[in-house]
Amino acid sequence: MLEIKNLQVKLEEEDKQILKGVDLTVEAGKVHAIMGPNGSGKSTLSYVLSGKDGYTVTDGSATLDGVDLLEMEPEDRAAAGLFLAFQYPVEIPGVGNMTFLRTAVNAQRKARGQEEMSSTEFLKVVREKAASLKIDAEMLKRPVNVGFSGGEKKRNEILQMAMLEPKMCILDETDSGLDVDAMRLVADGVNALRDEGRGFLVITHYQRLLDHIKPDVVHIMSNGRIVKTGGPELALEVEQNGYADLVEEA
């Protein structure tokens with residue numbers, strides 16, 4: 001599904017090489033986790049895949065279902081089925097949550113040649129999915145993420161993901177700033193979307209999120225490369241011993 005080969009990326013402002021040859025394949029129906037110390041390139045990888053400005057790809061490729069992601073505009077990547085949940089979700093003052101969600105859903109449906117969702121159908125679906133994430137009607141009426149707590153912002157992003165039903169979901173440190181209850185709610189929302197046609201790339205520092213979102217494969221990233229790959233037990237090893245030994249071994 002998602003295939004990354006020898007991806008090398010520079011930060012434009014500093015002319016600094018961040019990714020130094022990332023190779024990664026995420027299969028449909030699988031959850032891959034990327035762990036690593038600060039500055040290893042984890043978030044840069046998510047930004048480059050989603051099309052954020054400020055980065056220059058100097059070599060390598062990234063494809064989704066065989067389509068070149070790096071040649072597409074960010075909105076086209078989203079229409080193709082790529083979704084990024086941010087570490088720090090942005091606030092959009094003046095834009096109602098419901099308006100934002102319906103506009104996003106119908107923009108993607110239009111890009112895929114599907115009929116737009118009617119108001120009645122949209123309301124029914126969004127209320128069902130919001131209830132499962134304990135998002136009340138007042139949150140749906142408020143401007144996007146304005147005045148939301150950290151946990152509310154993350155739940156709101158999972159609601160966006162549930163409404164858009166992407167093929168490839170990238171979660172960039174979604175557990176950052178969450179208490180135990182909020183993290184469990186977010187994880188439940190993610191797990192509800194797991195199916196054979198959808199892949200997940202979960203970026204995190206800590207094992208605790210992976211207690212709730214069980215990965216099939218765990219990768220350790222250091223200095224712009226994936227230096228070790230294994231099963232869920234690899235995350236437990238990191239939790240117990242840290243990254244130093246793994247990085248030195250690599």
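All residue numbers refer to positions in the sequence shown, counting from 1.
- Considering only heavy atoms from C-beta on, N145 comes within 4.5 Å of N156 through its side chain.
- L84 and L7 fall within the same hydrophobic cluster, where Ile, Leu, Val, Met, Phe, Trp and Tyr residues are linked whenever their side-chain heavy atoms come under 4.5 Å apart, directly or through other members.
- The line from CG of L45 to CG of D172 is 9.5 Å long, rounded to the nearest 0.5 Å.
- Residues I213 and L24 are members of separate hydrophobic clusters, defined by side-chain heavy-atom contacts under 4.5 angstrom among Ile, Leu, Val, Met, Phe, Trp and Tyr.
- A distance of 10.5 Å separates CZ in R155 from CG in L159, rounded to the nearest 0.5 Å.
- When all heavy atoms of L210 and A235 are compared, the closest pair comes out as CD1-CB, 3.7 Å.
- No side-chain heavy atom of I170 sits less than 4.5 Å from a side-chain heavy atom of F83.
- A distance-only check finds a donor-acceptor pair linking the side chain of R198 to the backbone of P166 [under 3.5 Å].
- Summarising the geometry, atom CZ belonging to F86 is positioned 6.0 Å from atom OG belonging to S50; distances are rounded to the nearest 0.5 Å.
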Criterion side-chain hydrogen bond (donor to acceptor under 3.5 Å, both in side chains) on N106 and Q108, from CA distance to verdict: CA-CA 5 Å; N106 282 334; Q108 289 208 3; over 6 Å; no

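- Here the side chain of D195 pairs no donor or acceptor atom with the backbone of G29 at under 3.5 angstrom.
- Ion pairing of D181 with R184 is present here, as a side-chain N (NZ or NE/NH1/NH2) and a carboxylate O approach within less than 4.0 Å.
- Under 4.0 Å is where a charged nitrogen must lie from a carboxylate oxygen, and between K153 and E91 at least one such pair does.
- In this structure, N97 contributes its side chain and V144 its backbone to no donor-acceptor pair below 3.5 Å.
- Remark: H32 pairs with H219 by the ring pair (Phe, Tyr, Trp, His ring centres under 6.0 Å) rule, at least two apart or across chains.
- Here the side chains of H205 and M35 are not in contact, with every heavy-atom distance at 4.5 Å or above.
- When all heavy atoms of L82 and L64 are compared, the pair lying nearest together is N-CD2, 4.2 Å.
- Side-chain contact between K129 and V126 is absent, with no heavy-atom pair separated by less than 4.5 Å.
- Follow the hydrophobic side-chain contacts under 4.5 Å out from F200 and you never reach L185; the two are in separate clusters.
- Atom-to-atom distance recorded for S61:OG and K5:NZ is 6.0 Å, nearest 0.5 angstrom.
- Within the 4.5 Å cutoff, side-chain heavy atoms of F148 are placed close to those of R142.
- Rounding to the nearest 0.5 Å gives a distance of 6.0 Å between CG of L234 and NZ of K228.
- Judged by distance alone, with hydrogens and angles left aside, the side-chain atoms of K110 form no donor-acceptor pair with the main-chain N or O of E115 at under 3.5 Å.
- Of the possible donor and acceptor atoms, one in the side chain of K154 sits under 3.5 Å from a partner among the backbone N and O of T174.
- Residues L171 and V186 fall within the same hydrophobic cluster, defined by Ile, Leu, Val, Met, Phe, Trp and Tyr side chains chained together at heavy-atom separations under 4.5 Å.
- Heavy-atom minimum distance, G94 versus P143: N-CB, 3.9 Å.
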Stepwise side-chain contact (heavy atoms from CB on, under 4.5 Å) test for L140 and I135: CA-CA 7 Å; L140 289 174; I135 293 174; 4.2 Å; yes

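- A donor-acceptor contact closer than 3.5 angstrom is absent between the side chains of H212 and N191.
- The backbone N or O of P232 sits nowhere less than 3.5 Å from a side-chain atom of K214 that would complete a donor-acceptor pair.
- Around atom CD of E233, more than 12 heavy atoms belonging to other residues, nucleotides or ligands sit under 6.0 Å away.
- Residues E3 and T25 are in side-chain contact: their nearest non-hydrogen atoms beyond the backbone lie under 4.5 Å apart.
- You'll find the side chain of T63 stays beyond 4.5 Å of the side chain of L69, heavy atoms only.
- Between L70 and G60 the shortest heavy-atom distance is CD1-O, 4.2 Å.
- Each of Q17, E12, K10 was checked for a side chain to side chain donor-acceptor pair (under 3.5 Å) with T56, and the lone residue meeting it is E12.
- Checking side-chain atoms of R225 against main-chain N and O of K20 turns up a donor-acceptor pair under 3.5 Å.
- R112 places a side-chain N or O within donor-acceptor distance of the main-chain N or O of A79, the cut-off being under 3.5 Å.
- Contact check on R77 versus E75 returns no salt bridge, with no Lys/Arg side-chain nitrogen under 4.0 Å from an Asp/Glu carboxylate oxygen.
- E239 places no side-chain N or O within donor-acceptor distance of the main-chain N or O of L236, the cut-off being under 3.5 Å.
- The shortest non-hydrogen separation linking S40 to S222 is CB-CA, 3.8 Å.
- In this structure the side chain of V105 never reaches within 4.5 angstrom of the side chain of R102, judged on heavy atoms.
- Using a distance-only test at 3.5 Å, with no hydrogens or angles considered, no donor-acceptor pair links the side chain of Y55 to the main chain of L11.
- Other residues, nucleotides and ligands contribute only 12 or fewer heavy atoms inside 6.0 Å of the CD atom of E196.
- Note on V57: it clusters hydrophobically with I226, by side-chain heavy-atom contacts below 4.5 Å among ILVMFWY residues.
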V227 vs M221, side-chain contact (heavy atoms from CB on, under 4.5 Å): CA-CA, chis, key distance, verdict: CA-CA 6 Å; V227 297; M221 198 166 187; over 6 Å; no

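- A distance of 9.0 Å separates NZ in K42 from CD1 in I34, rounded to the nearest 0.5 Å.
- Taking 4.0 Å as the cut-off between side-chain N and carboxylate O, K141 and E138 count as a salt-bridged pair.
- No more than 12 heavy-atom neighbours from other residues, nucleotides or ligands sit within 6.0 angstrom of CG on D53.
- The shortest heavy-atom contact between A80 and M72 is CB-CE, 3.9 Å.
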Trace of the side-chain contact (heavy atoms from CB on, under 4.5 Å) decision for V31 with V202: CA-CA 7 Å; V31 174; V202 179; 4.0 Å; yes

Working for side-chain contact (heavy atoms from CB on, under 4.5 Å), residues S118 and F122: CA-CA 6 Å; S118 69; F122 173 79; over 6 Å; no

